[in-house]
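Structure record follows, encoded as structure tokens.
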Amino acid sequence: MTPSPAPAARRGRPRSAAADRAILDATRAALVELGWGKLTMSDVAARAGVAKTTLYRRWTGKNELVVDAVAVLFDELALPDHGCLQADIEDVVLQFAALLARPETKTALMAVVAESTTDPALRARIREAIVDRQKRLVILGRRRAQRRGELPPDADGEEGAAAAARAVGLIFDVIAGAVVHRSLVSAEPVDARWAEQLTSLLLGGLNALDERAAGAGAKANGGASEPGRPRPCDQDQRRRAEAEHAP
């Protein structure tokens, strides 16, 4: 039997992670210096030291490029495991505020959000690349809290999955909306005390929603149902969380 010919080697150079980083860094730097209106793909290419064709092989235009330049910054956020949901959320709130305090993040985020008010396609791109991607932190935090018994488990079936998705969206909106508003609109500090107050307010609201849902379920089933309650963090857990973000 004649052996099959070897597959043809893939042509073209592989995409360079270093070039991607240089391009995204250059995009944010150009935004800070020039603003959205004066930013061009040619300027980004020159700053990054790459050909303009390299940009267009990766991004179709300025909108996609800027959103991705912002999105990679938010990928730096990580959910810690302090053993307590309250401390975990406070930690993420402080991380988020520190990220928004960076000029490159502040300028880039405000630019794309402002532009998206008249550009539905850009708004969809922001939702896909930033919002939906960062909901990973909420999903992970809920799962950990459910394993600890701090939050009740999700109900089975499609209805339970839909309720879980709504909870994830609500938690994300409350945290992101509050921190962005305080940091970028009110220009007030996000410190450990404020993060604690926001988290307490959020967890209190979630507990009230759980109790309402449990009460409705108990009424429908003719019995009682007790939802899980987020337990308060001890002082050591809180001090560890605050120390990680101390200046």
Side-chain angles (χ1 to χ4, degrees), residues 67 71 74-97 99 113 116 120 123-182 190 192 194-238 240-241 244:
V67 171
F74 285 96
D75 286 342
E76 296 175 13
L77 296 174
L79 182 71
D81 189 354
H82 294 295
C84 169
L85 182 59
Q86 172 102 19
D88 292 351
I89 295 175
E90 290 174 18
D91 193 312
V92 172
V93 167
L94 293 172
Q95 285 183 58
F96 188 25
L99 183 61
V113 170
S116 71
R123 194 157 56 244
R125 177 77 174 175
I126 292 171
R127 184 169 56 249
E128 175 188 353
I130 300 176
V131 175
D132 290 345
R133 214 150 87 190
Q134 295 312 313
K135 285 181 180 178
R136 63 187 170 83
L137 300 175
V138 180
I139 293 170
L140 176 58
R142 288 185 76 247
R143 287 175 179 167
R144 282 183 184 169
Q146 287 169 335
R147 287 197 296 268
R148 295 174 187 144
E150 295 178 284
L151 292 177
D154 295 329
D156 295 331
E158 293 183 5
E159 185 174 339
R166 288 194 298 270
V168 167
L170 178 61
I171 294 168
F172 182 89
D173 290 346
V174 169
I175 295 174
V179 177
V180 168
H181 186 278
R182 186 166 178 86
V190 175
W194 188 86
E196 178 187 348
Q197 292 174 330
L198 173 65
T199 304
S200 296
L201 184 66
L202 172 64
L203 293 179
L206 289 175
N207 189 59
L209 289 175
D210 289 338
E211 288 179 343
R212 181 180 298 180
K219 185 176 180 180
N221 296 323
S225 178
E226 177 65 24
R229 290 175 178 268
R231 65 176 180 273
C233 296
D234 61 37
Q235 290 304 310
D236 286 340
Q237 290 170 316
R238 189 177 302 285
R240 284 196 300 271
E244 292 180 5

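Summarising the geometry of L79 relative to V92, their closest heavy-atom pair is CD1-CG2, 3.5 Å, with the distance given to 0.1 Å. The two residues L99 and E76 have their closest heavy-atom pair at CD1-OE1, 4.1 Å. Taking both residues in full, the closest heavy atoms of R148 and H82 are given as NH2-N, 4.5 Å, listed atom of the first, atom of the second, then distance. Scanning both residues, L94 and A192, for their nearest heavy atoms gives CD2-N, 4.0 Å.
In this structure, the separation between CG on L77 and CG on D91 is 10.0 Å, given to the nearest 0.5 Å. Here the straight-line distance linking atom CG of L137 with atom CD1 of I175 works out to 9.0 Å at 0.5 Å rounding.
Sorted by first and then second residue, the pairs that involve residues 154-169 and meet side-chain hydrogen bond (donor to acceptor under 3.5 Å, both in side chains), not counting sequence neighbours, are R142-D154, Q146-D154.
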message = Set out, in order, the CA-CA distance, both residues' side-chain angles and the distance that settles side-chain contact (heavy atoms from CB on, under 4.5 Å) for L198 and I89, then state yes or no.
response = CA-CA 9 Å; L198 173 65; I89 295 175; over 6 Å; no

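In this structure, F172 and I139 have side chains that are not in contact, with every pair of non-hydrogen atoms separated by 4.5 Å or more. Here the side chains of R144 and E150 are not in contact, with every heavy-atom distance at 4.5 Å or above.
Remark: R123 engages S116, P120 in a side-chain contact (heavy atoms from CB on, under 4.5 Å) (not counting sequence neighbours). When the salt bridge (Lys or Arg N to Asp or Glu O under 4.0 Å) test is applied to D173, no partner is found at least two apart in sequence or on another chain. For V180, the side-chain contact (heavy atoms from CB on, under 4.5 Å) partners are F96, L100, L184, not counting sequence neighbours.
At distances below 3.5 Å, not a single donor-acceptor pair connects side-chain atoms of E90 with backbone N or O atoms of T199.
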Report, one line per pair, each donor and acceptor closer than 3.5 Å where one atom sits in a side chain of residues 124-134; sequence neighbours left out.
unit_1, atom_1, unit_2, atom_2, d
R125, NH2, D68, OD1, 2.9
R125, NH2, D68, OD2, 3.0
R133, NE, D75, OD1, 3.3
R133, NE, A129, O, 3.3
R133, NH2, D75, OD2, 2.7
Q134, OE1, R136, NH2, 3.0
Q134, NE2, F74, O, 3.4
Q134, NE2, D75, OD1, 2.9

